[in-house]
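Below: one structure, written as structure tokens.
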Amino acid sequence: MQDVLTQLKATADAGVHTPTWSLRDDELIESLDAVHAITQAVAALQSRLVREIDSRGLAIAQHASSTKAWLREHLRISPHAAKRILELAQASTHAPSWPKRSPTAWSTPSKPRSSPPQYSSFPPTWSAKRKRP
């Protein structure tokens with residue numbers, strides 16, 4: 001895994017220094033879509049790694065009070081960011097496994113979205129003209 005992460009970091013670093021002004025409109029949009037897909041994949045990998053660290057109790061073994069505290073110190077992030085990363089990792093243990101798709105498949109739904117339910121009237125506590133305090 002270390003080889004893949006090293007290559008990903010080198011590629012991302014090269015992309016940061018690539019000028020964007022010369023891209024055509026369609027290339028600019030395609031690049032944004034690709035970066036978004038990569039970001040989502042990296043976030044999923046991060047969640048898997050944090051979930052494994054948490055399940056092994058590595059934070060406690062390294063004398064931290066909790067996985068959240070360990071993440072905050074190890075990654076040098078805010079307590080809120082550490083809590084969010086841990087919550088996402090823990091939630092992903094209950095998430096359904098998603099089918100493998102190409103990065104562009106995530107940007108367009110495979111079937112049309114249904115429209116939200118239509119209500120004939122609002123609940124009695126709602127009024128069309130809500131008064132603000």
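Computed from heavy atoms alone, side chains included, the values below leave out hydrogens, waters and symmetry copies. For reference, positions follow the sequence shown, starting with 1.
Within the structure, side-chain hydrogen bond (donor to acceptor under 3.5 Å, both in side chains) pairs that include any residue of residues 4-24 comprise K9-D13, R24-D26, R24-E27 (at least two apart or interchain).
In terms of heavy-atom proximity, A69 sits nearest to S65 at CB-OG, 3.5 Å. Listed here is the closest heavy atom pair of R72 and P79: CD-CG, 3.4 Å. The shortest non-hydrogen separation linking S66 to A59 is O-CB, 3.6 Å.
Rounding to the nearest 0.5 angstrom, the gap separating the CG atom in D54 from the CG atom in L49 is 12.5 Å. Atoms OG and CD, from S55 and Q90 in turn, are 10.5 Å apart once rounded to the nearest 0.5 Å. Note that CD of Q62 and NE2 of H74 are 7.5 Å apart. Values are rounded to the nearest 0.5 Å. Here the CG-CD distance, from L88 to Q46, works out to 8.5 Å after rounding to the nearest 0.5 Å. Between the NZ atom in K68 and the CD atom in E73 there is a gap of 12.0 Å [rounded to 0.5 Å]. With rounding to the nearest 0.5 Å, the separation of CD in E30 from CG in D25 is 11.0 Å.
Using a cutoff of 4.0 Å between basic side-chain nitrogens and carboxylate oxygens, E52 and R48 are not scored as salt-bridged.
One hydrophobic cluster, built from ILVMFWY side chains closer than 4.5 Å, holds both I77 and W70. Under a hydrophobic clustering in which Ile, Leu, Val, Met, Phe, Trp and Tyr are joined whenever their side-chain heavy atoms come within less than 4.5 Å, directly or via other members, L75 and L58 fall into the same cluster. Linking ILVMFWY side-chain heavy atoms closer than 4.5 Å, directly or via other members, places I29 and L23 in two distinct hydrophobic clusters.
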| query | Can L71 and I53 be said to form a side chain to side chain contact (heavy atoms under 4.5 Å, CB included), step by step? | reply | CA-CA 10 Å; L71 285 169; I53 286 169; 5.9 Å; no
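In this structure R84 satisfies the salt bridge (Lys or Arg N to Asp or Glu O under 4.0 Å) test together with E87, sequence neighbours excluded.
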